[in-house]
**Student:** 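Handing you a structure now.
Order of the sequence lines sets the chain letters (A, B, ...), proteins ahead of strands, with each chain counted from 1.
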2 protein chains.
Amino acid sequence: VSIGKSELEHIKSLRTKKGRREQGRFLAEGVRLLEEAVRHRFPPQAVYFSEATLSDRGRRVVAGLGSIGALLSPVPARQLASMADTTTPQGLVAVFESPCDKFEELWCRSYRRLLWCESISDPGNLGTLVRSALAFEFDMAVVSGESAEVYSPKVVRASAGAVFGLPIARASVPEVLAVSRRIPLRIIAAAVSGETVPLRLTRKRDQGPLLLAIGSEAEGLPSEVTARADMRVRVPHSRRVDSLNAAVAGSILMNHLYRFSRN
Amino acid sequence: VSIGKSELEHIKSLRTKKGRREQGRFLAEGVRLLEEAVRHRFPPQAVYFSEATLSDRGRRVVAGLGSIGALLSPVPARQLASMADTTTPQGLVAVFESPCDKFEELWCRSYRRLLWCESISDPGNLGTLVRSALAFEFDMAVVSGESAEVYSPKVVRASAGAVFGLPIARASVPEVLAVSRRIPLRIIAAAVSGETVPLRLTRKRDQGPLLLAIGSEAEGLPSEVTARADMRVRVPHSRRVDSLNAAVAGSILMNHLYRFSRN
């Protein structure tokens, strides 16, 4: 069994940003990542797998993906290797339709905590923030500006599959501000400098859904975001470093809101 | 002005692990990283810079490195590009002697908080943990097992230069356990499963220096470490993810100890 050359080229082009945009699809591979797709019931269109290289755990993932609706497509090991992004795809690669990324279509009235990633350009940091957002019961994320592409292989991997569990919108800064005014959302801005609010203050102001905004390490948040924020927070740290890693700072703030905000 | 071919080859080989081990030296480049070397008074042996590509800020860094004892060596832009690890060295590359990495030589009686990175193989995670350790006033780090190489370019970059500010030892797991028994250190082990201690408990046991042990995401800490630990702690999170990123979990625990332990 094998797939045709044109289908193979089509899949391989999903390793590029252009291919993903044109086809509205993305790739994920390996046992752990695809277990998360099963866990979050995020079905791929198709799973390509090589019987010869699949472990028992891999076989269970393929069956699980089949049970949530994926087309199962056995291929030779060499075809699988040619479509994979990593050198160890562990015998399986899946193709997913890129989900809706419109803020207002993804928004639900029951949502209480949202993460805003503004110009988080490092794929590892963006993926880590998405992973922490799911871990700390944030309901949705929105990415803007120069942020990395959410469904690129590096972000998917760094998220440890959390991209399959969290609704993620893409919007411009003015769009996010407009939507957050309409809903309305309280904006909590992570500030690297300027006014500092002790984190525990957030306990007292726990009404309505909140939007935690994290900016780039180099630039921080744009001034229009900081100006519109209902609160600016910062993680206190020694002056021996200029700043924390953006994913660390965001995760500490999310952890704090998870523990103390009773939204 | 330019440097000889053999000196150039010598420097270029510092981009490899083998070269760094053989020469006992490492490279760092770019304005931000080298500003941290100045801040922490960690002098390079030599700074190679290209006048043509240096910004004003870069020129100040070169002067700063000179003032703490570095030999300043102007080179043509093309030589500089050939020795750099990144495509944007911003006109300066510095060569450092690898510092002492013996646990007991680095240890000082005034130290209160140490970070132990056991088999943190991802360079981004290791660098981020070192950065957070410096941010949250840890006095020293020790790395063991399959951890990434501390003075490799990726770890140095991910640390945002914190490797210049924090003493970092390299030791085996049995060595760390032996030293921590001699000093003695209270071991706090980050556990991904098993017994969970509410983090605030650590407030009550604040006597003597502590060693926070972080293990790999895939494997956790070795059982001999967990067994020897005085306390096992875990960052509570939703069951929608299996675990947190190791650097995030470690940073949240360090932030907690920074805020609540009065060591």
Side-chain angles (χ1 to χ4, degrees), chain A residues 31-33 35-36 39-42 113 122-139 154 157-166 192 198-200 217-218 234-256 258-259, chain B residues 31-33 35-36 39-42 113 122-139 154 157-166 192 198-200 217-218 234-256 258-259:
Chain A
V31 169
R32 278 168 181 268
L33 273 186
E35 280 176 347
E36 297 305 301
R39 178 209 295 250
H40 296 297
R41 307 189 66 77
F42 192 108
R113 287 192 285 255
D122 180 85
N125 282 346
L126 185 62
T128 299
L129 283 166
V130 169
R131 181 177 181 181
S132 293
L134 194 63
F136 297 134
E137 294 186 354
F138 276 59
D139 303 296
K154 280 184 185 175
R157 267 201 300 280
S159 85
V163 293
F164 298 122
L166 196 73
V192 284
L199 297 189
R200 53 199 58 216
E217 279 177 43
R234 152 176 113 77
V235 179
H237 61 75
S238 154
R239 295 221 178 138
R240 302 197 74 205
V241 302
D242 275 332
S243 63
L244 298 168
N245 169 279
V248 164
S251 297
I252 289 174
L253 293 171
M254 286 190 274
N255 176 248
H256 185 86
Y258 172 66
R259 288 160 65 207
Chain B
V31 170
R32 279 169 182 267
L33 273 186
E35 280 176 347
E36 296 305 302
R39 178 209 294 251
H40 297 297
R41 308 189 66 77
F42 192 108
R113 285 191 287 254
D122 181 87
N125 283 345
L126 185 62
T128 301
L129 283 166
V130 169
R131 181 176 181 182
S132 293
L134 194 62
F136 297 133
E137 294 185 354
F138 275 59
D139 303 296
K154 280 185 183 175
R157 269 201 300 279
S159 84
V163 293
F164 297 123
L166 196 72
V192 284
L199 297 189
R200 55 197 58 216
E217 279 177 43
R234 151 177 113 76
V235 179
H237 61 74
S238 156
R239 295 220 180 140
R240 302 197 73 206
V241 302
D242 275 331
S243 63
L244 298 169
N245 170 279
V248 164
S251 297
I252 289 175
L253 292 171
M254 285 190 274
N255 176 248
H256 184 85
Y258 173 65
R259 288 159 64 208

**Student:** Could you list the residues that satisfy side chain to side chain donor-acceptor pair (under 3.5 Å) with A:R39, not counting sequence neighbours?
**Tutor:** A:E36, B:D242
**Student:** Grab the two heavy atoms, one from B:H237 and one from A:F136, that are nearest each other, plus how far apart they are.
**Tutor:** CB-CE2, 3.9 Å
**Student:** Looking at A:S251, A:S238, A:A249, which makes the most heavy-atom pairs under 4.5 Å with chain B?
**Tutor:** A:S238
**Student:** For residues 243-255 of chain A, pull every pair meeting salt bridge (Lys or Arg N to Asp or Glu O under 4.0 Å), keeping only residues two or more places apart or in separate chains.
**Tutor:** none
**Student:** Of all the residues in residues 122-131 of chain A, which have a heavy atom that comes within less than 4.5 Å of a heavy atom in chain B?
**Tutor:** A:T128, A:R131
**Student:** Indicate the atoms forming the closest heavy-atom contact of A:V248 with B:A247, along with that distance.
**Tutor:** CG2-O, 4.4 Å
**Student:** For B:S159, give me all partners under side chain to side chain donor-acceptor pair (under 3.5 Å), at least two apart in sequence or on another chain.
**Tutor:** none
**Student:** What part of A:E35 gets closer than 4.5 Å to chain B, counting heavy atoms only: side chain, backbone, both or neither?
**Tutor:** neither
**Student:** What's the spacing between A:R240 CZ and B:H40 NE2 if we round to 0.5 Å?
**Tutor:** 5.5 Å
**Student:** To check you understand the geometry: which heavy-atom pair defines the closest contact between B:A135 and A:L244, and what is its length?
**Tutor:** CB-CD2, 3.4 Å
